[in-house]
Amino acid sequence: MQGKIKSSPFTYSLKWQIPLGIIFACLNIGVNYLQNFNPVPLYMDTIFTISASFFGGICGIISGLLYHITTTIIYSKVPLWSLVWAICSLTIVLIIRVYIKIRKKIEIPDLILLVFLISLIVSIEGATIFTVLNVFTGYNEDSQVKFMYALLSSNSISVFISAWLPRVPVNILDKAISICIGWLSFKGIKKLIGLADKA
């Protein structure tokens with residue numbers, strides 16, 4: 001394939017990474033929009049950032065950042081400091097790219113391990129971000145874990161623990177779905193790219 005860098009089956013040239021990053025960001029935005037009509041207690045906002053990350057770091061960063069910038073500034077019209085949540089998406093990109101660099105291949109056990117790695121790290125990160133925002137801006141939990149957060153915090157449990165505990169199971173289920181769909185999307189689009197390169 002001319003569009004791939006031969007050193008890794010998981011790193012594509014910028015001629016693929018840049019447009020795919022934009023496409024994946026749009027797909028993430030679409031999923032986010034659909035959640036408004038059929039809300040479930042999941043985030044479902046990193047499916048295609050995960051797909052993008054398998055194609056390359058630049059692809060994943062473009063997908064994650066563009067999604068957050070669009071949904072934060074244009075769609076949700078919330079304060080700019082809310083962009084700090086993009087850190088979670090960028091962390092997912094980093095975890096996947098580092099994992100690929102170490103393992104150099106992805107099989108079913110790897111996907112399972114990625115689910116738990118990403119879920120645990122992002123849960124801690126999300127709770128930390130929430131705690132800082134809560135202290136400095138009075139930010140209130142408005143995500144999929146707001147009910148459990150309110151229940152825990154009303155029982156004199158610390159802000160961090162109240163934000164962290166509910167995130168773990170939600171993230172495990174959310175990332176299990178996201179990684180499976182993201183991986184299948186990567187595999188399918190990879191084949192299409194192969195056909196395009198041969199054409």
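Numbers here simply count residues along the sequence, with the first being 1. Reckoned from all heavy atoms, side chains included, excluding hydrogens, waters and symmetry mates.
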For Ser153 against Ser162, the heavy-atom pair lying closest together: N-OG, 3.3 Å
Donor-acceptor check, side chain of Ser158 to backbone of Ile161, threshold 3.5 angstrom: yes or no? yes
Could you give the distance from CD (Glu107) to CD1 (Ile112), rounded to the nearest 0.5 Å? 11.5 Å
How many angstroms lie between atom CZ of Phe160 and atom OG1 of Thr131, to the nearest 0.5 angstrom? 6.0 Å
Does any part of the side chain of Leu152, heavy atoms only, come nearer than 4.5 Å to the side chain of Trp164, both counted from C-beta? no
Transitive ILVMFWY side-chain link Val98 to Phe55, under 4.5 Å: no
The residue among Ile95, Leu94, Val93 that forms side-chain contact (heavy atoms from CB on, under 4.5 Å) with Arg97 is Val93
Distance-minimising heavy-atom pair for Ile62 and Gly21: CG2-C, 3.7 Å
Would Leu165 and Met148 count as a side-chain contact (heavy atoms from CB on, under 4.5 Å) here? Give the steps. CA-CA 9 Å; Leu165 282 178; Met148 282 303 299; over 6 Å; no
So, Arg167 versus Ser119: side-chain donor-acceptor pair below 3.5 Å or not? no
Among Ile23, Ile22, Thr49, which residue meets the side-chain contact (heavy atoms from CB on, under 4.5 Å) test with Ser63? Thr49
Flag the pair Val31 / Asp45 as yes when at least one side-chain heavy-atom distance between them is below 4.5 Å, and no otherwise. no
Would you say Leu117 and Leu111 are hydrophobically clustered, going by side-chain heavy atoms of ILVMFWY under 4.5 Å? yes
With a 4.5 Å heavy-atom cut-off, do Thr11 and Gln17 have their side chains touching? yes
Under 3.5 Å, is there a donor-acceptor pair linking the side chains of Asn28 and Thr46? no
Tell me if a side-chain donor or acceptor on Thr70 pairs with a main-chain N or O of Tyr67 at a distance below 3.5 Å. no
Nearest 0.5 Å please: distance from the CD1 atom of Ile106 over to the OH atom of Tyr99. 6.0 Å
Does Asp174 reach the side chain of Ser178, with side-chain heavy atoms less than 4.5 Å apart? yes
For Ile108, does the CD1 atom have more than 12 heavy-atom neighbours from other residues, nucleotides or ligands under 6.0 Å away? no
Is a donor from one side chain sitting under 3.5 angstrom from an acceptor on the other, for Thr72 and Ser82? no
Measuring from Leu34:CG to Ile29:CD1, what's the distance to the nearest 0.5 Å? 12.0 Å
Would you say Cys59 and Tyr12 make side-chain contact, with heavy atoms under 4.5 Å? no
Going by side-chain contact (heavy atoms from CB on, under 4.5 Å), Leu173 matches just one of Val168, Val115, Leu42. Which one? Leu42
Does the pair Asp110/Lys105 count as a salt bridge with the N-to-O cut at 4.0 Å? no
Would one find more than 12 heavy atoms of other residues, nucleotides or ligands at under 6.0 Å from atom CH2 of Trp85? yes
What verdict does the side-chain contact (heavy atoms from CB on, under 4.5 Å) test give for Asn171 and Ile118, after you've listed the backbone C-alpha separation in whole Å, the side-chain angles of each residue and the deciding distance to 0.1 Å? CA-CA 8 Å; Asn171 269 317; Ile118 290 172; over 6 Å; no
Atom OG of Ser51 and atom CH2 of Trp183: how far apart are they, to the nearest 0.5 Å? 10.5 Å
Tell me whether Lys175 contacts the main-chain N or O of Ile172 through its side chain, where contact means a donor paired with an acceptor under 3.5 Å. no
Where do Lys15 and Pro19 come nearest, in terms of heavy atoms and distance? O-CG, 3.1 Å
Side-chain heavy atoms nearer than 4.5 Å, only ILVMFWY residues, links allowed to pass through others: does that put Ile100 and Leu113 together? yes
Would you give the length of the straight line joining atom CD1 of Ile121 to atom SG of Cys88, rounded to the nearest 0.5 angstrom? 11.5 Å
Less than 4.5 Å apart, side chain to side chain, heavy atoms only: is that true for Trp81 and Phe136? no
Mind telling me whether Phe186 and Phe54 have parallel, tilted or perpendicular rings, with 30° and 60° as the class edges? tilted
Between Val145 and Tyr43, does a side-chain contact (heavy atoms from CB on, under 4.5 Å) hold up when you go through it step by step? CA-CA 10 Å; Val145 298; Tyr43 299 107; 3.7 Å; yes
Side chains of Leu114 and Ile50: does their closest heavy-atom pair fall under 4.5 Å? no
What closest approach, in Å, do Gly64 and Ser89 show between heavy atoms, and which atom pair accounts for it? CA-CB, 4.3 Å
Under 3.5 Å, is there a donor-acceptor pair between the Asn32 and Thr71 side chains? no
Is the distance between the ring centroids of Phe130 and Tyr149 under 6.0 Å? yes
